[in-house]
Amino acid sequence: MSVELLAPAGEFKTALSAFAAGADAVYCGLAEYSARAFARNLTLDELKLLVRFAHANKKKVYVTFNTLVCEDEIEGALETLSRLAQIRPDALIVQDIGIASLCKKHFPELELHASTQMAVHNLEGVLQLKELGFKRVVLARELSLEEIASIVKRSGTMEIECFIHGALCYSISGLCLYGAMEKSRSGNRGRCPYCCRVAHEDAAGGKRLQFSMKDLRLDEDVLKLVDAGVKSLKIEGRMKSDFYVASAVKYYRQIISGADFGRLTKSDLETVFSRRTTKLYFDGLKNASSSPIDPTSLGHLGAEIGVVKRVTKDREGLSWLRFHTSRALERHDGLQFGVCDENGKLLGLGIGEMRQAISRRNVFEVSAGTDVEVLLPEKDGEEPIASKLKPGVKIYCSASQAVRRMFPQQSIRPSDYMGDIALDVEVKLEKDLLCASAEYEGRKVEVSFSASLDAAKNPAKTEDGVRKAFLKLGESDYRLGSLKVVDNDRLFSPMSLLNDLRRMLVEDLDELREQMRVERVERALAEASDGDMALAEPIKTLKITNGAKVPEGDWDEIVISIYPGQEPSLDPSRVRLALAVYTRETDFNKLRVMVKNLLRRGYVKWEAADLATLALLKRLGVQDLTADWSLYAFNSYALDSLSKMGVKRFVASPENDRENLQYLAESGYQIEFLKQQSTPLFISLTPSASKPADLVVYQRAGLWITTKPSPRVFDVPEGVSTRIDLSWEE
């Protein structure tokens, strides 16, 4: 099986650079409905051109539509989806199950890929996505090679995509609520404020980056993913530059194909952008050699090239840094040092003057293995950098002009790339009339105008002239398919009239397609319906951990979160059992066995937290089934889709704003609204570097949970069912 190398494209030029460097496909977003709202992103016109360029070069373009969509955004989402359906990218990357349902019904030409934001991490989740019409799933980053290989082997025709390089989130993607709860900027809504990159004070009074992850870099281990049958290898970085993306693509293209065209080394790659790196849990959770967290440095480090030997002053009082460089350097390269300023930022400089250490002769460049001296800058009023560069301090190359020259800027001429819609055109020439017609999806468009045409001096060339005019479709969405010329009177038409005829045909075709697009949106909106569940009286539910004491209260239902190996603390008549939001592939059989045993003992009420547990419960015949907040039923299409999968009642996500909560209250579906919860800000497989003083971090059933010390109280609509959720308390 051929493997796809997939690159990020935050803007148009980045996509061109990625393709030039060897990417098979790129993924990019529009201004809305993208999990990277702060990337530049593409306009619809740019996307249209990019798709044409890619298809002309046998490449692919995937569009990210990977955010949760509130009900009042559905009409705008439909508008965007209808335009994407006209552009025909190769797939849509989706998080919201409602958007997936909407696409499957109204825009079936859009292939669906499940975003890593859906937190799919086991075979059961993959197979459920397949049933929902997805062609591919981007697995959670936390999986090991063993788990990935097992899923690929048993997933049938479902394509598997895995991240191989780039930034990591501390939380399992899709399960981070920190930004939404603390900064009013939801990562699930495309506005992540990068809370995991913020330093917190620890118990000792010092500030550390307790949650800041190293970057993922699998290097040659990507070949193990290829051998395992993974379909697509994905590089992260839609916020990164075209230079970064091109260098990462070239690096992995060399590894995958064995190509060596102007070889880019690992050191070269690190000069472009590099945090400290990790393979995360690729070798297994128990075999992680070191923590994937870097609590001391943030941002670009560079390629290590030596250590400070000493700093000397010349006769003019200028300071020179001496070191032995392991890589070639030239003027204007960047250096960074293993010491920080008072704000925790690594010290660095650009090479201005440089000389060989022995001869003291100024040079433009030096080769690897040279003892070199670099002039250190001094600024009035600031402590000289020279005072901080003690012998033994590590030196990094943080920018290389030689590497940058490997990646010249890419550009294209839009007129070189014709539209994807092949037009079969018929042109009629009559003595007093010019007419052209074409069909689009079964509808005929015909244009004509009066013209006084003379007999052709050379009738054999008439068709050539018509063809020449209708090949000039320029930057329109069309290209000429077949051409039929009806010229019974052997006439001649000036090229200017034929050009006018072509423009009229294109304009009318554009109008027809716009009309058809609007009709599709209107049909989709007309078919949207509210829930028709028989609304019961509002209830009060309590959710607790297994074994916890039930607080006093008039509870209509008690929900207990339970994990494999546990015995429920209450009898079946009193409780609903809730499954965890994350069950590793290697533990899923234990979960299945537990659920079967408890069903036999009379526990018939259950709550699912993700697609995998929802699918498991349905396959085991559970009829009384609810969905926790982590299934993110934000809109009517999501509610409808989940209800068709057997869900009777939903818990509203704490990320909902007031307007969407009100919609849910009036939706016609049975919704529980959180009244109190120690909301999990992070849900992770990774322990924090240390315990932050302002947060609670604890481990439960293999997951590390981060919450606030005090529970959060929510404002809910009047007259609704409510839930007190104590299950996330330590």
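The figures that follow rest on heavy atoms only: side chains count, while hydrogens, waters and symmetry mates do not.
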Does Thr312 have any side-chain hydrogen bond (donor to acceptor under 3.5 Å, both in side chains) partners at least two apart in sequence or in another chain, and if so, which?
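So Thr312 forms no side-chain hydrogen bond (donor to acceptor under 3.5 Å, both in side chains) with any residue.
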Sequence neighbours excluded, which residues qualify as side-chain hydrogen bond (donor to acceptor under 3.5 Å, both in side chains) partners of Glu147?
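With sequence neighbours excluded, Glu147 shows a side-chain hydrogen bond (donor to acceptor under 3.5 Å, both in side chains) to Ser144, Arg584, given in chain and number order.
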Donor-acceptor contacts, no H, no angles, side chain residues 220-227, under 3.5 Å, sequence neighbours left out:
residue	atom	partner	partner atom	Å
Asp221	OD1	Lys224	NZ	3.2
Asp221	OD2	Lys279	NZ	2.8

Check for a donor-acceptor pair, side chain of [X] on one end and backbone N or O of [Y] on the other, with a separation under 3.5 Å.
{"X": "Arg185", "Y": "Gly179", "answer": "no"}
{"X": "Lys691", "Y": "Ala203", "answer": "no"}
{"X": "Gln254", "Y": "Leu264", "answer": "yes"}
{"X": "Asp202", "Y": "Ala204", "answer": "yes"}
{"X": "Gln336", "Y": "Gly348", "answer": "no"}
{"X": "Ser173", "Y": "Gln117", "answer": "no"}
{"X": "Thr64", "Y": "Asn66", "answer": "no"}
{"X": "Arg331", "Y": "Gly352", "answer": "yes"}
{"X": "Lys390", "Y": "Ser387", "answer": "yes"}

Sort and list the pairs that fulfil ring pair (Phe, Tyr, Trp, His ring centres under 6.0 Å) and have at least one residue in [range], not counting sequence neighbours.
{"range": "residues 315-341", "value": "none"}
{"range": "residues 383-417", "value": "Phe53-Tyr417, Phe243-Phe407"}
{"range": "residues 350-373", "value": "none"}

Any idea which heavy atoms bring [X] and [Y] closest together, and the distance?
{"X": "Val393", "Y": "Gly338", "answer": "CG1-N, 3.8 Å"}
{"X": "Pro8", "Y": "Ile235", "answer": "CD-O, 3.3 Å"}
{"X": "Leu5", "Y": "Gly22", "answer": "CD2-O, 4.2 Å"}
{"X": "Tyr244", "Y": "Ser241", "answer": "N-OG, 3.1 Å"}
{"X": "Ser297", "Y": "Leu209", "answer": "O-CD1, 3.8 Å"}
{"X": "Ala228", "Y": "Leu145", "answer": "CB-CD1, 4.4 Å"}

To the nearest 0.5 angstrom, please state how far the [atom1] atom of [X] sits from the [atom2] atom of [Y].
{"X": "Cys195", "Y": "Lys183", "atom1": "SG", "atom2": "NZ", "result": "6.0 Å"}
{"X": "Leu685", "Y": "Leu280", "atom1": "CG", "atom2": "CG", "result": "8.0 Å"}
{"X": "Asp694", "Y": "Lys708", "atom1": "CG", "atom2": "NZ", "result": "6.0 Å"}
{"X": "Gln356", "Y": "Asn362", "atom1": "CD", "atom2": "CG", "result": "10.0 Å"}
{"X": "Ile255", "Y": "Lys266", "atom1": "CD1", "atom2": "NZ", "result": "7.5 Å"}
{"X": "His200", "Y": "Arg208", "atom1": "NE2", "atom2": "CZ", "result": "13.0 Å"}

Does Glu373 come within less than 4.0 Å of Arg360, counting only side-chain N to carboxylate O?
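Between Arg360 and Glu373 there is a salt bridge, with a charged N closer than 4.0 Å to a carboxylate O.
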Between Glu378 and Lys313 (salt bridge meaning N to carboxylate O under 4.0 Å), is one present in this structure?
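Looking at Lys313 together with Glu378, the answer is yes, because their closest N to O distance falls below 4.0 Å.
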By ring-ring contact (aromatic ring centres under 6.0 Å, His included) - contacts of [X] (at least two apart):
{"X": "Phe282", "value": "none"}
{"X": "Phe163", "value": "none"}
{"X": "Phe12", "value": "none"}

Polar side chain donor-acceptor pair, [X] to [Y], under 3.5 angstrom:
{"X": "Arg197", "Y": "Ser212", "value": "yes"}
{"X": "Gln95", "Y": "Asn188", "value": "yes"}
{"X": "Asp268", "Y": "Thr265", "value": "yes"}

Under a 4.5 Å cut-off applied to non-hydrogen side-chain atoms, are [X] and [Y] in contact?
{"X": "Pro692", "Y": "Phe211", "answer": "yes"}
{"X": "Val374", "Y": "Leu349", "answer": "yes"}
{"X": "Glu161", "Y": "Leu6", "answer": "yes"}
{"X": "Leu92", "Y": "Tyr33", "answer": "no"}
{"X": "Arg136", "Y": "Glu4", "answer": "yes"}
{"X": "Val245", "Y": "Val26", "answer": "no"}
{"X": "Leu49", "Y": "Ile412", "answer": "yes"}
{"X": "Leu318", "Y": "Glu353", "answer": "no"}

Whether His121 and Tyr582 hold their rings parallel, tilted or perpendicular, with breakpoints at 30° and 60°
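His121 and Tyr582: parallel rings.
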Ring geometry between His165 and Tyr252 (parallel below 30°, tilted from 30 to 60°, perpendicular above 60°)
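The rings of Tyr252 and His165 stand perpendicular, inter-plane angle above 60°.
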Side chain to side chain donor-acceptor pair (under 3.5 Å) contacts in which one or both residues fall within residues 403-412, not counting sequence neighbours:
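Qualifying pairs, neighbours excluded: Asp242-Gln409, Glu330-Arg405.
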For residues 11-32, which residue pairs qualify under side chain to side chain donor-acceptor pair (under 3.5 Å), counting only residues two or more places apart or in two chains?
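Only Asp24-Arg253 qualify under side chain to side chain donor-acceptor pair (under 3.5 Å).
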Side chain to side chain contact (heavy atoms under 4.5 Å, CB included), that's the test. Do Arg217 and Glu270 meet it? Break it down for me.
CA-CA 11 Å; Arg217 195 178 77 194; Glu270 290 173 343; 3.0 Å; yes
Listed by chain and number, what are the side-chain contact (heavy atoms from CB on, under 4.5 Å) partners of Ser684, not counting sequence neighbours?
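Only Tyr170, Thr686 meet the side-chain contact (heavy atoms from CB on, under 4.5 Å) criterion with Ser684.
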Intermediate values then yes/no, side chain to side chain contact (heavy atoms under 4.5 Å, CB included), Gln401 and Asp333
CA-CA 6 Å; Gln401 301 306 309; Asp333 283 355; 3.3 Å; yes
Of Glu655, Arg712, Glu182, which is the lone residue that meets side-chain contact (heavy atoms from CB on, under 4.5 Å) with Thr679?
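Between Thr679 and the candidates, side-chain contact (heavy atoms from CB on, under 4.5 Å) is satisfied uniquely by Arg712.
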Evaluate Asp294 against Arg275 for side chain to side chain contact (heavy atoms under 4.5 Å, CB included), listing each step before the verdict.
CA-CA 9 Å; Asp294 181 358; Arg275 295 186 181 97; 5.8 Å; no
